[in-house]
Amino acid sequence: MARDVPLSQDESKVTKASRAECIRELRRIAQSDVDRVVTRNRFRVEGRLAESAWNVHFGTFEEFKRQAGIILSRHAHRLEKHIAKHASVDKLRALTKEKAGWEDKYLRPSSRRWQTALVLSDVHDLHCDPFFRRVVIDTAARAKPEKIVLNGDIFDLPEFSKHTRDPREFSIVPAIKWVHAFLADLRRAAPDSEILFVEGNHEFRLLRHMGEQTQAMMVVLADLHGYTVPKLLGLESYGVNYIARADMTAWNERDVAQQLRKNYVTLWDNSLLFGHFPEMRAMGIPGASGHHHKHIVWTAYSPVYGPWEWHQIGAGHQREASYCNGEKWANGFLLAHCDTHSRRTQFEYVDLSHPAAMVGGKFYQRTEKEPVLDIAMGKGRR
């Protein structure tokens with residue numbers, strides 16, 4: 001007589017069941033403990049059906065759970081992801097609209113035929129060369145330009161760059177205060193000048209991080225709670241027009257780059273164009289850009305402008321950086337003198353990379369507190 005052999009766990013279960021019976025059994029397991037995830041192994045242990053019973057109807061356990069309503073269907077999951085994607089940028093959409101409203105708040109038109117624009121780029125707040133800062137402010141006081149163009153990256157904020165530090169050590173407010181003090185000095189030096197601030201990639205990153213609503217980001221940027229765009233950038237306090245057409249909801253780096261190229265300003269019936277990126281020269285209008293911290297001049301000719309120039313100007317950032325060969329940079333800014341009747345412009349580039357400089361017949365020399373940070377000359381040598 002054969003000896004009784006106990007059945008295995010799976011062999012003791014029902015091997016055939018209808019589709020509806022399988023779904024009822026899966027729902028029973030899920031509802032028995034709603035705090036636990038229904039895994040395949042849990043169903044195998046706690047369920048009354050063998051794997052072959054449900055597998056013949058649904059193929060995979062994931063599909064079994066979808067059909068039972070335990071997890072979202074593929075369509076519902078895709079819809080949920082789209083909702084989340086758009087909901088996540090609601091704040092950024094509002095920020096895009098807010099910053100775009102400051103482009104022409106403080107216009108100061110002039111009827112003079114000859115007008116001057118003082119143009120500077122890549123100042124980089126706390127990392128600004130003190131000699132650059134002093135000469136720019138004094139030049140603004142002497143030249144009294146009709147326009148002062150801050151051509152992007154007036155902020156640095158390495159916290160938000162690809163060379164980022166530990167986010168728990170972010171210190172944003174000192175950089176903001178530095179920029180505000182710089183704007184205050186510019187406004188005192190040239191009280192009647194129109195100041196135009198073209199949004200660069202560094203300003204874009206600052207505002208985008210402010211628009212993030214995650215709990216972690218809110219803790220990291222706690223010092224900025226309550227800051228609005230005009231308060232953050234000093235627009236109201238110093239009468240600054242902010243040129244910022246880039247959409248903050250740009251989804252990837254390529255989209256961001258395309259959006260940032262919308263940020264530019266034209267002056268005096270398209271006599272001049274200023275934007276942060278050198279690619280702007282392809283628009284065929286005389287002007288200037290920054291971004292690369294080096295002075296380069298391109299020349300061209302047109303019947304409208306005659307022989308004309310495009311300047312990629314130097315930076316305000318000290319010629320030193322831990323993440324690249326900063327000594328190869330150049331410091332400098334630009335004065336553009338435009339005949340608004342003929343739309344012809346004379347450019348006066350001011351090179352501040354050396355121990356001394358001349359602007360409009362006045363010599364400036366670095367002090368002991370304004371050394372040239374240059375390996376070729378020796379670190380800190382005047």
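FYI, the numbering just counts along the sequence from 1. Just so it is clear, the model here is predicted, and its values are computed rather than measured.
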Tyr349 and His311 aromatic ring geometry - parallel, tilted or perpendicular at 30°/60° bounds: parallel
Assign the ring pair Phe64 / Phe58 to parallel, tilted or perpendicular, where the plane angle (0 to 90°) is split at 30° and 60°. parallel
Flag the pair [X] / [Y] as yes when at least one side-chain heavy-atom distance between them is below 4.5 Å, and no otherwise.
| X | Y | answer |
| --- | --- | --- |
| Asn201 | Arg205 | yes |
| Tyr242 | Glu203 | yes |
| Glu51 | Lys13 | no |
| Trp178 | Val123 | yes |
| Phe182 | Ile137 | yes |
| Glu327 | Glu320 | no |
| Arg24 | Arg27 | no |
| Val350 | Thr139 | no |

Is there a path of hydrophobic side-chain contacts, each under 4.5 Å between heavy atoms of I, L, V, M, F, W or Y residues, that connects [X] with [Y]?
| X | Y | value |
| --- | --- | --- |
| Met283 | Val149 | no |
| Val14 | Phe43 | yes |
| Met280 | Leu267 | no |
| Val198 | Val256 | no |
| Leu196 | Leu232 | no |

Sole residue of Glu348, Gln115, Gln346, Arg344 in side-chain hydrogen bond (donor to acceptor under 3.5 Å, both in side chains) with His337: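 Going through Glu348, Gln115, Gln346, Arg344 one by one, the side-chain hydrogen bond (donor to acceptor under 3.5 Å, both in side chains) with His337 is satisfied by Glu348 alone.
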Take a 6.0 Å sphere around [atom1] of [X] and say whether it holds more than 12 heavy atoms from other residues, nucleotides or ligands.
| X | atom1 | value |
| --- | --- | --- |
| Lys362 | NZ | yes |
| Phe347 | CZ | yes |
| Tyr301 | OH | yes |

May I have all residue pairs that pass side chain to side chain donor-acceptor pair (under 3.5 Å) and include part of residues 100-110, sequence neighbours excluded?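 Checked against side chain to side chain donor-acceptor pair (under 3.5 Å) - neighbours excluded - the pairs reaching residues 100-110 are Glu103-Arg245.
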Test item: side-chain donor near acceptor, [X] and [Y], under 3.5 Å:
| X | Y | result |
| --- | --- | --- |
| Asn263 | Glu199 | yes |
| Ser52 | Asn55 | no |
| Asp269 | Ser271 | no |
| Asn41 | Thr39 | no |
| His127 | Asp156 | yes |
| Glu309 | Trp298 | no |
| Arg208 | Thr249 | no |
| His295 | Gln312 | no |
| Arg19 | Gln67 | yes |

Between the side chain of [X] and the main-chain N/O of [Y], is any donor-acceptor distance below 3.5 Å?
| X | Y | result |
| --- | --- | --- |
| Arg261 | Ala257 | yes |
| Arg42 | Ile29 | yes |
| Thr96 | Met248 | yes |
| Arg319 | Asp129 | no |

Least distance between heavy atoms, [X] atom then [Y] atom:
| X | Y | result |
| --- | --- | --- |
| Lys65 | Val38 | NZ-O, 3.1 Å |
| Glu46 | Arg28 | O-NH2, 3.4 Å |
| Leu233 | Phe155 | CD2-CE1, 3.5 Å |
| Pro174 | Leu126 | O-CD2, 4.0 Å |
| Asn270 | Tyr305 | O-OH, 2.7 Å |
| Ile243 | Val265 | CG1-CB, 4.3 Å |

From His180 NE2 over to Asp125 CG, what is the distance, rounded to the nearest 0.5 angstrom?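 CG of Asp125 is found 11.0 Å from NE2 of His180.
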Between CG on residue Leu352 and NE2 on residue His354, distance to nearest 0.5 Å: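 NE2 of His354 is found 9.0 Å from CG of Leu352.
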Below 3.5 Å, can you tabulate the donor-acceptor pairs from side chains in residues 284-292 to any protein atom, sequence neighbours excluded?
| from | atom 1 | to | atom 2 | distance (Å) |
| --- | --- | --- | --- | --- |
| Ser289 | OG | Trp310 | NE1 | 3.1 |
| His291 | ND1 | His276 | NE2 | 3.2 |

Checking salt bridge (charged side-chain N to carboxylate O under 4.0 Å, His left out) for the pair Arg133/Glu370: CA distance, chi angles, key distance, verdict? CA-CA 10 Å; Arg133 189 187 194 284; Glu370 302 167 334; over 6 Å; no
May I ask you to establish whether Arg187 and Tyr238 are in a cation-pi arrangement, using a distance under 6.0 Å from NZ or CZ to the six-membered ring centre and at most 45° from the ring axis? no
Do NZ/NE/NH1/NH2 and the carboxylate oxygens of Lys262 and Asp247 come within less than 4.0 Å?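 Salt bridge absent between Lys262 and Asp247.
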